[in-house]
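Remember, predicted model here, so these are calculated numbers, not experimental data. Each ligand, and each atom within it, is numbered from 1 in the order the structure gives. What's counted below: heavy atoms across the whole structure, side chains too, no hydrogens, waters or symmetry copies.
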Amino acid sequence: MDRVFQFLLLFFIYVTLSNAADILQNPDFEIPPMNITENATSQLLLLHNKQNPIPGWSFDGTVWYVTPAANLSLPGNGHAVQLGENGRINQTFKGTDDYSDYILTFTLAAQNENCFNNFTAVNVSVLDHEYDDDRSRVFSLERNLSRQLWISYGFHLGSWGSKTDSINLEIMSVTQNLERNVTCWPVVDNFIVKRNRMPRWYEGNMIANGDFEIGPAVIKNSSEGILVNEESSSYHTPLQQWKILGTVKYIDSKHFKVPRGNAAIELFSGYPSGIQADFFFLMEKTYTLNFTLGDADDSCVGDLLVFLQVGNDVRNYTVQSNGTGSANSRHSVSFSIASEFSRDTSIAFYRFNETWASDGVLCGPVLDNISLYVLSSNSSSSSTKMELWYGGVIFSLVLLGMTTLV
Ligand SMILES: *[C@@H]1O[C@H](CO)[C@@H](O)[C@H](O)[C@H]1NC(C)=O
Ligand SMILES: *[C@@H]1O[C@H](CO)[C@@H](O)[C@H](O)[C@H]1NC(C)=O
Ligand SMILES: *[C@@H]1O[C@H](CO)[C@@H](O)[C@H](O)[C@H]1NC(C)=O
Ligand SMILES: *[C@@H]1O[C@H](CO)[C@@H](O)[C@H](O)[C@H]1NC(C)=O
Ligand SMILES: *[C@@H]1O[C@H](CO)[C@@H](O)[C@H](O)[C@H]1NC(C)=O
Ligand SMILES: *[C@@H]1O[C@H](CO)[C@@H](O)[C@H](O)[C@H]1NC(C)=O
Ligand SMILES: *[C@@H]1O[C@H](CO)[C@@H](O)[C@H](O)[C@H]1NC(C)=O
Ligand SMILES: *[C@@H]1O[C@H](CO)[C@@H](O)[C@H](O)[C@H]1NC(C)=O
Ligand SMILES: *[C@@H]1O[C@H](CO)[C@@H](O)[C@H](O)[C@H]1NC(C)=O
Ligand SMILES: *[C@@H]1O[C@H](CO)[C@@H](O)[C@H](O)[C@H]1NC(C)=O
Ligand SMILES: *[C@@H]1O[C@H](CO)[C@@H](O)[C@H](O)[C@H]1NC(C)=O
Ligand SMILES: *[C@@H]1O[C@H](CO)[C@@H](O)[C@H](O)[C@H]1NC(C)=O
């Protein structure tokens, strides 16, 4: 029995990993452009559209092939491309038969500290010719978000199933500031498209992705985590099932202290920063919400205040962190719905204050392992109790999906 379980687990891990690989060709530009002679004294090589095609990619405008040197660090220190005036690169990939979320991870870098604060920016867009479901977002380098001169971002490209064979990912340089400084043109690298299966619910847990195992691909050589930003189109985020508030950092267990599994989130930046999801609750039932708060072992010191909001009821928790990963507390809240009708209600975890590590980089408390169970009718539990009363009704497609499964 154990063997079978182990086999299934390994198989599952294999399938999960294989989904992350090989959707894009030459994702990190390690296959060099054609017809170039690499010159050790020159870190930037201007590419000619006709003579120096980049395997896997098309490009247009001013594009340089970058060999990292003293001025430029990148995760893994491989090659990259820099997008100059009107510089753009694009690659088309195919969807598969299974309807899935497609999540992009990529790295944006600059050569110089002075390029931070919005000098260096790219517009990432995806054109889906068949569904006409285009998305785009501008990403820029801002100070205090990273210890390096680069930042890795996660972005939800879209959700596609069969017959989708022309999803065009395009990245172009953006001049957000009037000042043009050639050293500040964006450098991009490490494009990983990960295919995440649709949410699955286990053993009565109403939360499908409460341990954040379903998220953006992590970059092997990066100890900076992946930043995930708030999106206006709510639930289309790299953190399946969750809407993002502000910016959260997706952290992996190899480089951070993670309470459970391979990943967790750090409530990172913004007023507020956090996550939110809507649930459909039935009246006269009692629900139990359990979750873990901790610190990421990233020198984030302080009394870090986290708010939990269920409906209109708010309570707070303090994570006492000395920045070494020792803070780790499990919490449990039970609540029941006291209203005429069953309602869609949101559950949110967030914080309002920002915290900086001693080197000036933002940081925050860690959230992981959230579960939500319905207890039997009118039972009460030993844990703290909330009574909820509601005003408005929140509609959510995610919820409709959940109710059919729960
Ligand atoms: C390498 O680059 C330097 C400066 O850009 C140039 O002077 C030199 O001729 C180049 N060498 C080769 C072999 O292309
Ligand atoms: C590479 O350079 C050679 C000689 O200049 C040329 O014949 C060939 O077409 C070039 N290859 C590409 C892909 O442009
Ligand atoms: C790289 O750094 C050196 C000194 O560290 C500096 O002289 C040079 O201008 C820098 N190059 C760029 C492109 O920023
Ligand atoms: C880039 O986009 C153009 C259309 O805008 C397309 O024809 C081309 O095939 C794309 N390049 C790649 C490598 O997919
Ligand atoms: C960078 O740009 C964003 C939006 O364009 C803005 O919200 C932010 O305040 C800017 N940051 C700085 C440091 O200028
Ligand atoms: C980003 O690119 C998309 C697609 O080309 C475009 O529709 C959008 O306006 C661009 N956004 C910005 C801020 O330039
Ligand atoms: C570009 O930025 C570098 C580094 O901050 C600075 O030394 C240089 O003067 C800037 N150039 C211009 C034209 O602003
Ligand atoms: C946190 O909750 C306690 C009661 O549990 C309350 O007294 C306190 O004002 C709350 N703090 C904040 C900052 O909301
Ligand atoms: C941090 O706190 C933990 C648990 O309270 C303690 O064991 C550890 O020594 C502390 N580390 C530092 C550097 O204070
Ligand atoms: C949730 O926490 C409560 C109180 O600690 C505990 O009794 C219950 O077993 C937990 N439920 C789950 C599913 O972890
Ligand atoms: C958090 O922010 C609030 C208002 O923005 C402020 O009043 C409070 O002092 C801050 N708390 C901490 C611990 O910095
Ligand atoms: C942000 O980073 C800069 C440069 O590292 C530092 O001077 C500044 O103090 C930091 N900001 C905060 C609020 O720590």
Side-chain angles (χ1 to χ4, degrees), residues 22-29 31-34 47 49-50 52-61 63 81 83 86-95 102 104 106 122-130 132 134-136 157 160 164-173 188 191 193 256-257 259 267 271-274 292-310 312-335 348-355 357-359 363-366 383-387:
D22 300 322
I23 290 177
L24 294 181
Q25 297 171 54
N26 198 14
D28 45 13
F29 308 103
I31 307 173
M34 290 180 194
L47 298 179
N49 204 310
K50 293 265 150 53
N52 311 120
I54 310 171
W57 299 87
S58 298
F59 70 90
D60 216 353
V63 175
V81 297
L83 306 176
N86 299 318
R88 65 176 72 201
I89 56 170
N90 76 284
Q91 183 170 144
T92 308
F93 61 92
K94 287 186 196 307
Y102 287 80
L104 173 71
F106 76 101
V122 288
N123 181 354
V124 175
S125 60
V126 59
L127 304 174
D128 166 10
H129 297 306
E130 290 183 42
D132 203 22
D134 301 345
R135 276 168 59 71
S136 70
L157 296 175
W160 298 290
T164 307
D165 55 15
S166 57
I167 302 154
N168 194 2
L169 173 66
E170 183 176 83
I171 301 95
M172 64 183 112
S173 65
V188 290
F191 287 88
V193 173
F256 296 88
K257 177 69 190 294
L267 307 186
Y271 306 92
S273 67
T292 302
L293 294 172
D295 85 276
D297 189 14
D298 58 356
S299 309
C300 202
V301 179
D303 287 348
L304 313 172
L305 193 63
V306 177
F307 294 91
L308 162 64
Q309 183 163 356
V310 182
N312 295 326
D313 197 336
V314 182
R315 56 186 59 207
N316 63 66
Y317 301 85
T318 301
V319 178
Q320 288 180 313
S321 169
N322 64 12
T324 62
S326 60
N328 187 333
S329 54
R330 188 103 179 116
H331 301 276
S332 183
V333 171
S334 80
F335 56 88
F349 293 89
Y350 55 88
R351 69 187 301 232
F352 274 112
N353 296 68
E354 292 185 334
T355 308
S358 55
D359 55 9
C363 65
V366 168
S383 53
T384 48
K385 197 160 178 174
M386 288 170 138
E387 291 276 306

*asked:* Taking 4.0 angstrom as the limit and counting only heavy atoms of T92, give me the atoms of ligand 4 inside it, by number and element.
replied: 10 (C), 12 (C), 14 (O)

*asked:* Please give me the minimum heavy-atom distance between R351 and L305, naming the atom from each residue.
replied: CB-O, 3.3 Å

*side-chain contact (heavy atoms from CB on, under 4.5 Å) assessment of I89 paired with F29*: CA-CA 12 Å; I89 56 170; F29 308 103; 3.8 Å; yes

*Compare every heavy atom of V366 with every heavy atom of D295, then report the nearest pair and how far apart it is.*
C-CG2, 3.8 Å

*With atoms numbered from 1 as shown, which atoms in ligand 9 lie under 4.0 angstrom from a non-hydrogen atom of S326?*
1 (C), 2 (O), 3 (C), 4 (C)

*If you take all heavy atoms of P365 and V319, which pair is closest and at what distance?*
CB-CG2, 4.1 Å

*ligand 8: which residues have a non-hydrogen atom closer than 4.0 Å?*
L305, F307, N316

*Give the atoms of ligand 9, by number and element, whose distance to some non-hydrogen atom of T324 is under 4.0 Å.*
1 (C), 11 (N), 13 (C)

*Could you tell me which atoms of ligand 4, counted from 1 in the order shown, lie closer than 4.0 angstrom to a heavy atom of G56?*
13 (C)

*Look only at interatomic distance and state if N90 has a nitrogen or oxygen under 3.5 Å from any nitrogen or oxygen of ligand 4.*
yes

*asked:* Using a 4.0 Å cutoff against the non-hydrogen atoms of S58, which atoms of ligand 4 qualify?
replied: 1 (C), 8 (C), 10 (C), 11 (N), 12 (C), 13 (C)

_Over all atoms of both residues, closest heavy-atom pair of P55 and P33_ = CD-CA, 4.0 Å

*Which value, rounded to the nearest 0.5 Å, describes the distance between K94 atom NZ and I23 atom CD1?*
13.0 Å

_As an exercise, state the distance from CG of N353 to OG of S273, rounded to the nearest 0.5 Å._
9.5 Å

*Criterion ring-ring contact (aromatic ring centres under 6.0 Å, His included) on F106 and F191, from CA distance to verdict*: CA-CA 5 Å; F106 76 101; F191 287 88; 5.6 Å; yes

_Separation between CD1 of I167 and CH2 of W160, rounded to the nearest 0.5 Å_ = 4.5 Å

*If we only count N/O pairs under 3.5 Å, is N168 in contact with ligand 4?*
yes

